[in-house]
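Heads up: the structure comes next, in C-alpha cells.
Keep in mind it's a predicted model, so treat the numbers as computed, not measured. As the structure lists them, so they are numbered: ligands from 1, and atoms in each ligand from 1.
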Amino acid sequence: MASDRTRTGRRIDIEFDGRYNIDVSRVDAGVLWRITAMAFRNRWRMTLGIVAALAAGFFQLFVPQFLGRAVDQAQGLLGAGISRDLAGEALMTTAMLLVATSVLRGLFAMVQNYQGESVGQIIGYDLRMAYYRQLQTLSLSWHDRVHSGELMTRGILDIEGVRLWVDTGILRCVLLSTLVVGGAILLVRIDLVLGLLALGFVPVIAVMASGARLRLRDAWLALQEELSQLTKVMEENLGGIRVVRAFASTAYEMMRYDTIAARALALSHRRIALFVRSSTRMTFIFLAAMGLVLWVGGEKAMAGEITLGQLAECLAFMAILQMPVRQIGWMINSVARASTCGGRLFNVLDLEPSIADHPDAGPLEVRDGVLRFEQVDFAYPASARDRRTLSNIEFEVGPGRTLGIVGPPGSGKSTIGQLVGRYYDVTAGRITIDGVDVRSVTLASLRRQVSIVPQQPFLFTAGIDHNVAYGDPWAGRAAIEHSAAAAQLHNYIRKLPTGYSTLVGERGVSLSGGQRQRLSIARGVLPDSAVIVFDDSTAAVDAATEQRIHEALHDLTRERAVIIIAHRLRSLLHADEIIFLEEGTIVERGSHEELLALEKRYRALWDLQASGGES
Ligand code: ATP
C-alpha cells in the first residue's frame, strides 16, 4: 500500500498493480458538490449559461404552440371560405413567428453550449494543472507503488469525465427541467387525458434511458480499465524496446497486447449492442405512445372536444420532448461518471506528500558543507516491517573530502544517496548538513545543495546544452563547456555538426551508454552544490576515461563533500574514507591502505579485481 495519506487521514488503497480500489457504484454527493463548486467559481459564465438554458427551453416551448396555431388558422380560414391570400398571410405570420422563436432558441442554446463547454474546459485546465503539480510533489515511495501509465490514463480520462459534468450535467439539467415542466403544464392545459397520455412515455423512457446509461457506464468503465492496461503495456514496451528486440520477444509482446486489445474490442461490441438495443426499445415506445395519442386525439378531434391544431400541438410537444427525455439517461450517466472520475482524481489530489517541507522549515544555509549520517536506520515504506535496508549508518564527509562506498549489489549503497537528497526519510537517527537536520530545511534548498549523479542516467529529449544545464538553467556557455570537459565529453560534442545544440533523442537514445553517463556527470557537477553523490556513475566508462574524469573533477569538487559509490575499487583509491556495506550495515571502514591491511572482504575484492576476476 502507498504511504501517502489524504488530508483527512484516510488511507488510499492503491494496490501493487496501481489500480485504485474505489467503489464505483456509489454516487458521492460530496464529490459532485466539489465539482459544482469549482464550476461556480466562474460565476458569470455559469449565470449566463443557466439563463441561456432557461431561455432556450422557454422559446422551444413556443414551437409546438405556433405549429398548432398554424394548423387551426389554416383550417379555420379555409373553412370559413376566406380567400387563399388571407389564409396564406395568416400562415406566413405564424411561420415568421416560428422562425423567430427557433432563431432565438438556437441563439440561447448556442450561448448555453458555449458557456457550459468553456467552464468545463476551465475546470479541465485547473484539474490538469493541480494533478500534474500533485504528481510532481508526491513522494517517491508513492510513485514506487503506482504505475505511471495508469496515472497518465487517469489524468486524461478522469479529467474528461469531470469536465463534461458542467455541460451534460448542470446546464442540461436546467434545460430539461424547463422543457419537461413547461411541456407538461401546456399539454395538460390542452386536454387532461391527452396530456397524461402524451406524458406517459416520459417516465417509461426516462427509467429505460437511465438503466441503459448506467449499464453503458459500467461497460465504459470496464473499457477504460482495459484501455489503461493497453497504455501500460505500450509504455513499458516502448521504454524497454531494446530488451524486447534483444530477446526476440516481439511475438510475445504482440500476443500480450492483442489479448488486452481483444478484450477491449469485445467490451466495445458489448457497449454498442447495449446502446442499439436500448435506443431501439425507446424509439418503439415513443412511436407507440405517439400512435396512441393520435388515435385518442383523433377521436377527440372528430368529437369536437379538441381542435386539429391542439392535436398537432400535442404531437409536436411529444416530438420535442423525446430527445431531452432520452437525455435524462445521459445526465444520470454524467452524474455517475463525474462522481467516479472526480472521486479518483480528488483521492490523488487530496494526498499529502509524506516528504514535504516542515511548517517551520527555512532554507538550508551552508557554512562549511559537512554532511553527517548519525546512527541512521532506514526501511523502504513498501518493505516488510522488520526488513531494514540500512542499519546504524554513521559517517562524516566535509568539503574537499571524498567518501567511497562499496559493497555487493543490493547492500544499500544507492539508498544512502537517496537519503542525502531526502527522497525518503530515515526511520531512525538523523542526517545533517553543518549540524542542521535535513528534515528541518526546505526541500528545494536542500536539493539545490545536493547533486546526485544517478546510476542510470536519464536525459530529456532536448539539446545537449539544455541537458547539461538542467540543474542551473542560467549557466553560461563557458560553465556548460567546463562541466562537459570535466566529464570528458567536450571533445566529442565539439566535433558534432551542431555541437552543444545537438538533440539527444528520446531519453538520450542517440548517445552511447558511456556518453549518457558522462553527460549525466556534467549535469551533476554544474550546479554549485555543497554535496555531490556519484552513484556508480562511471560504470559504463572505460578505466582510462574514468581516471581522467576523476582527475578533472578533482578541481570542480575541491570545495564540496563527495560521495562515490562504485563497484570498481580503483575508482576509490583517492577516497579519504571507504565504507564497505553488507546487507545495509557497515562491515569495514578505513582508507584504501587500511582496508587492504584488514585482509577481509575489501582485500578479497581488491585481489579479485586486480587479478582480472569478476567481482
Ligand atoms: P546495486 O549495487 O545493485 O546498485 P545498491 O547497494 O545500490 O545495489 P540499493 O539500490 O540501495 O542497493 O537497494 C538496497 C535494497 O533496497 C535492495 O534490496 C533493494 O531491493 C531495495 N530497494 C531499493 N529501492 C527500493 C524501493 N524503491 N522500494 C523498495 N525497496 C527498494
Side-chain angles (χ1 to χ4, degrees), residues 1-4 14-18 135 138-148 150-151 236 239 353-355 371 373 376-395 397 403-429 431 450-458 513 516-517 520-521 524 531-541 546 562-572 575 578-589 595 601-602 604-606 608-609 614-615:
M1 297 288 163
S3 62
D4 293 23
I14 293 171
E15 294 185 330
F16 280 86
D17 68 352
L135 293 186
L138 282 171
S139 58
L140 288 191
S141 59
W142 186 82
H143 281 282
D144 288 347
R145 306 272 143 253
V146 189
H147 199 289
S148 32
E150 174 101 11
L151 283 179
E236 213 161 66
S354 56
I355 305 286
L371 169 74
F373 268 51
V376 166
D377 288 352
F378 174 70
Y380 279 101
S383 309
R385 199 176 290 260
D386 54 345
R387 201 183 166 284
R388 271 196 242 156
T389 303
L390 295 173
S391 302
N392 201 23
I393 303 294
E394 290 217 308
F395 63 77
V397 54
L403 174 83
I405 306 181
V406 62
S411 53
K413 303 181 296 295
S414 302
T415 305
I416 290 183
Q418 303 274 312
L419 293 183
V420 180
R422 210 187 152 209
Y423 296 104
Y424 300 89
D425 272 340
V426 299
T427 30
I431 299 169
V450 177
S451 276
I452 298 183
V453 183
Q455 202 169 18
Q456 285 160 355
F458 178 90
R516 278 202 289 272
Q517 279 205 331
S520 175
I521 292 174
V531 179
I532 182 157
V533 181
F534 295 97
D535 185 355
D536 214 4
S537 46
T538 48
V541 176
E546 185 185 21
V562 180
I563 296 179
I564 301 179
I565 298 167
H567 283 291
R568 213 185 281 160
L569 300 188
R570 286 205 167 273
S571 325
L572 304 176
I578 300 168
I579 57 176
F580 196 111
L581 278 185
E582 213 170 69
E583 293 187 4
T585 314
I586 300 175
V587 286
E588 287 174 33
R589 69 189 311 156
L595 287 172
R601 297 169 181 84
Y602 185 88
L605 192 58
W606 173 260
L608 195 66
Q609 290 187 10
E614 296 268 318
S615 67

To check your reading of the model: name the closest protein heavy atom to atom 11 (O) of ligand 1, its residue, and the distance in Å.
Thr415 OG1, 2.4 Å
One finds that the ligand 1 atoms under 4.0 Å from a non-hydrogen atom of Gly412 are 5 (P), 6 (O), 11 (O), 12 (O), 14 (C)
I need the nearest protein heavy-atom contact for atom 8 (O) of ligand 1: residue, atom name and distance, please.
Gly410 N, 2.8 Å
In ligand 1, which numbered atoms sit nearer than 4.0 Å to a non-hydrogen atom of Arg387?
18 (O)
I'd like to check which ligand 1 atoms, numbered from 1 as shown, lie under 4.0 Å from a non-hydrogen atom of Tyr424.
27 (N)
From the candidates Arg388, His143, Lys413, Gln455, the one that places a heavy atom nearest atom 2 (O) of ligand 1
Lys413
Angle between ring planes, Trp606 versus Tyr602, binned at 30° and 60°: parallel, tilted or perpendicular?
parallel
Could you check atom 27 (N) of ligand 1 against the protein and tell me its nearest heavy-atom contact, residue, atom and distance included?
Asp144 OD2, 2.9 Å
If we count only non-hydrogen protein atoms and require a distance under 4.0 Å, does atom 20 (O) of ligand 1 qualify as touching the protein?
no
Does any donor atom in the side chain of Tyr424 or Thr415 lie under 3.5 Å from an acceptor atom in the other side chain?
no
Element-labelled atoms of ligand 1 that are located less than 4.0 Å from some non-hydrogen atom of Ser414
4 (O), 5 (P), 7 (O), 10 (O), 11 (O)
Short check: is a protein heavy atom less than 4.0 Å from atom 15 (C) of ligand 1?
yes
Looking at Leu581, is its backbone amide N or carbonyl O close enough to the side chain of Lys413 to form a donor-acceptor pair, meaning the two atoms are under 3.5 Å apart?
no
With heavy atoms of His567 as the reference, note each atom of ligand 1 found under 4.0 Å away.
2 (O)
